[in-house]
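Below, chains carry the letters A, B, ... as their sequence lines are ordered, and counting in each starts from 1.
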There are 2 protein chains.
Amino acid sequence: MPKTTRRADGHPGNRYGNRPTMKDVAARAGVGLKTVSRVVNGEPGVTPDTERRVQEAIDALGFRRNDSARVLRKGRTASIGLVLEDLADPFYGPLSRAVEEVARSHGALLINGSSAEDPDRERELALALCARRVDGLVVIPAGDDHRYLEPEIRAGVATVFVDRPAGRIDADVVLSDNFGGARDGVAHLIAHGHRRIGFIGDMPRIHTAAERLRGYRAAMEDAGIPVEDRWMSLGVTSPERVRRAAQEMLTGPEPVTAVFAGNNRVTVTVVRVLAEQSRQVALVGFDDFELADLLRPGVTVVAQDSAALGRTAAERLFRRLDGGPVTPERIELPTRLIARGSGELPPAR
Amino acid sequence: MPKTTRRADGHPGNRYGNRPTMKDVAARAGVGLKTVSRVVNGEPGVTPDTERRVQEAIDALGFRRNDSARVLRKGRTASIGLVLEDLADPFYGPLSRAVEEVARSHGALLINGSSAEDPDRERELALALCARRVDGLVVIPAGDDHRYLEPEIRAGVATVFVDRPAGRIDADVVLSDNFGGARDGVAHLIAHGHRRIGFIGDMPRIHTAAERLRGYRAAMEDAGIPVEDRWMSLGVTSPERVRRAAQEMLTGPEPVTAVFAGNNRVTVTVVRVLAEQSRQVALVGFDDFELADLLRPGVTVVAQDSAALGRTAAERLFRRLDGGPVTPERIELPTRLIARGSGELPPAR
DNA sequence: CGCGCACCTGACAACGTTGTCCAGGCTCTA
DNA sequence: TAGAGCCTGGACAACGTTGTCAGGTGCGCG
């Protein structure tokens with residue numbers, strides 16, 4: 001009995017409504033399958049006349065090569081994955097864009113997803129990307145145990161961590177000098193006469209937050225200032241809690257005269273709180289943000305270059321893909337203190 | 001002669017260093033290929049004991065299903081593509097994030113790329129995504145001719161345009177009420193006594209820019225105010241040109257007393273210019289931006305909900321994928337005027 | 001005129017997975 | 001105890017592409 005249909009087995013058909021394949025193009029152009037493949041891929045060895053016929057068939061049928069099949073055959077996908085925390089956070093926009101630019105310059109596409117700071121979701125996403133057989137992975141860690149990536153890395157998925165180091169595995173990482181930046185920022189406040197300086201930051205289980213806290217402590221210690229517990233507020237993330245934390249350290253018998261904000265979200269909230277205060281309080285924030293210069297006073301910040309972080313990581317990833325270094329490395333990018341006014345206010349009262 | 005190698009033909013090997021396949025797992029577990037497939041996909045019909053053996057083999061080998069092969073067989077990729085203008089632009093962050101959330105809730109991954117406002121690049125990207133056989137496409141148009149997508153759409157790629165309508169094809173589109181929003185914003189200025197009102201916007205070839213300009217003209221006409229050419233500056237994008245345009249309309253014998261800014265980048269630059277002026281000039285901007293309330297005066301804006309745009313578009317896309325509507329539709333989302341001070345200033349001088 | 005050579009072209013297998021279908025073993029009932 | 005039915009497991013083909021290799025054609029040169 002002859003085959004009556006192209007779908008002799010139960011193949012569910014194709015949700016794209018039976019797109020034309022190279023076989024169809026070949027049939028229409030009256031050439032062999034492989035010749036179509038050659039034309040599509042611009043390989044040499046095809047007469048201009050044949051090429052024209054094939055091209056016409058391609059246009060007539062609206063053929064588009066199926067990259068899934070191609071990947072299956074070739075083993076590389078020309079795509080890299082990016083797992084980040086939140087695309088809507090302005091800090092990650094430029095980073096993501098930078099990674100994309102580098103990928104583009106290497107002819108690769110970018111697939112990305114947000115972990116929403118949830119370790120399980122990070123893991124799920126990263127593994128889904130590996131199942132897609134991305135050539136490489138840029139990860140902004142949410143969790144602190146990345147052993148789940150070991151088989152993948154061993155299997156050849158180039159992996160680079162950004163912004164925070166990987167947990168419990170040895171891998172490339174690109175980060176800002178969080179410790180040094182925070183220390184410089186706090187030292188800047190001390191240099192302007194402050195001694196009672198508050199610190200509001202994220203949970204210390206997050207590497208960046210811990211490093212910045214360490215920088216704060218180091219600067220205070222260098223200046224011989226004992227730190228009091230009520231000056232520090234750790235693990236606050238929601239605007240409401242930041243607000244309350246700030247208000248608390250600004251009241252009482254010996255209120256702080258300056259605040260160091262551990263990240264841009266904290267900074268913004270603190271700016272709001274300070275705007276409601278009658279006396280002037282100095283402020284230095286970690287992370288730059290748009291319009292910081294337009295506020296009165298302008299907000300002094302320790303700026304990190306998120307685009308440079310992304311670019312550096314992606315470049316390292318592709319160097320690895322091109323057969324580059326095999327020893328995992330830790331790359332630290334410097335931060336920059338930008339004085340705009342708020343960090344130069346003298347202690348009030 | 002027996003086969004001596006798994007790579008009898010010239011298959012280039014695999015950049016992932018010969019990852020284990022289901023065949024390898026099957027061999028190690030001492031079961032058939034299909035049984036492994038069943039375990040991996042959680043299909044019924046496998047004894048607990050067999051399942052355990054297979055699972056052990058999977059863990060021991062670090063096996064991960066190859067989705068390329070799966071896609072090739074099944075015809076769906078469970079991924080959608082997003083072509084936007086610039087990931088680093090804060091307007092697109094929430095939009096992108098919203099699309100991702102919807103995709104995630106449907107078990108799909110998001111692949112995205114930036115067109116950088118370049119029609120060729122938009123086309124190139126969209127077609128690359130189609131070659132990957134994404135199930136659907138969300139496009140923020142950079143160009144004004146999308147006929148190149150016709151074969152794809154016909155082939156079943158669910159496509160929804162966002163923020164700007166598609167050019168020369170009939171397709172779903174989700175956008176903000178740019179015309180109404182701009183008209184309301186300008187009317188707001190008029191209601192506060194302004195008559196000489198400037199407009200600074202993007203190139204009118206961009207749909208949103210044209211609509212907002214139309215809204216400006218409509219509001220002026222409704223109020224019976226003839227618009228003078230020197231009040232309008234179109235097609236300016238770089239901060240320098242925006243700056244010059246603003247300065248020009250603010251000088252001379254009859255300077256404008258208020259400015260309507262056509263998008264958030266323009267607004268920010270205009271804020272800077274106004275801060276340098278001695279007299280007060282009213283300002284309403286299209287698009288909200290972070291910290292707009294913290295400036296003095298707060299910046300009055302016509303806000304559009306970029307997350308809602310993304311969510312609406314993605315939901316429509318998946319409804320289409322689930323066999324939903326076939327008639328292309330145009331969905332318009334309302335804007336909201338947020339008064340913060342800058343738009344309520346009376347005309348100066 | 002014939003041989004060799006260069007160049008085009010196409011048949012075929014393989015990439016890793018999943019749908020179909022059948023074989024074999026088991027249980028349950030008459 | 002035999003037959004019917006059910007359940008588990010595996011062989012096989014097919015998805016659409018690309019690498020290899022061999023066949024065929026036309027040309028130039030001896």
Kindly give the atom pairs (protein nitrogen or oxygen, nucleotide nitrogen or oxygen) under 3.5 Å for nucleotides 9-11 of chain D.
| residue | atom | partner | partner atom | Å |
| --- | --- | --- | --- | --- |
| D/dG9 | OP1 | B/T47 | OG1 | 2.7 |
| D/dG9 | OP1 | B/T50 | OG1 | 2.4 |
| D/dG9 | OP2 | B/G45 | O | 3.4 |
| D/dG9 | OP2 | B/T47 | N | 3.3 |
| D/dG9 | N7 | B/R38 | NH2 | 3.1 |
| D/dG10 | OP1 | B/G32 | N | 3.3 |
| D/dG10 | OP2 | B/G32 | N | 2.4 |
| D/dG10 | OP2 | B/T35 | OG1 | 2.8 |
| D/dG10 | N7 | B/R38 | NH2 | 3.0 |
| D/dG10 | O6 | B/R38 | NH2 | 3.4 |

Does [X] [atom1] have over 12 foreign heavy atoms under 6.0 Å away?
| X | atom1 | value |
| --- | --- | --- |
| B/D118 | CG | yes |
| A/D59 | CG | yes |
| A/R123 | CZ | no |

- Item | Angle by which the axis turns from one end of the helix from C/dC1-D/dG30 to C/dA30-D/dT1 to the other, five pairs per end, to 10 degrees | 50°
- Looking at B/K74, does any N or O in its side chain come under 4.0 Å of the phosphate oxygens OP1/OP2 on C/dG19? yes
- Message: Does D/dT17 have OP1 or OP2 under 4.0 Å away from a side-chain N or O of A/S37?
- Response: no
Whole Å only: how far is the [atom1] atom of [X] from the [atom2] atom of [N]?
| X | N | atom1 | atom2 | answer |
| --- | --- | --- | --- | --- |
| A/N41 | D/dG19 | CG | C1' | 12 Å |
| B/D67 | C/dT17 | CG | C1' | 10 Å |
| B/L72 | C/dG16 | CG | P | 12 Å |
| B/R65 | D/dC15 | CZ | P | 20 Å |
| B/F63 | C/dG16 | CZ | P | 10 Å |
| B/R70 | C/dC15 | CZ | P | 20 Å |
| B/N66 | C/dC15 | CG | P | 12 Å |
| B/E51 | D/dT8 | CD | P | 11 Å |

- Do A/R28 and A/P20 have side chains that get closer than 4.5 Å, going by heavy atoms? no
- Given side chains that start at C-beta, do those of B/V83 and B/I140 come closer than 4.5 Å, heavy atoms only? no
- Any side-chain donor paired with an acceptor under 3.5 Å for B/E100 and A/S114? yes
- Note on the structure: d(B/H106 NE2, B/L317 CG) to nearest 0.5 Å is 9.0 Å
- Message: How long is the straight-line distance from CZ of A/R64 back to SG of B/C130, given to the nearest 0.5 Å?
- Response: 6.5 Å
- Counting only N and O atoms by type, is there a donor-acceptor contact under 3.5 Å from the side chain of B/S96 to the main-chain atoms of B/G93? no
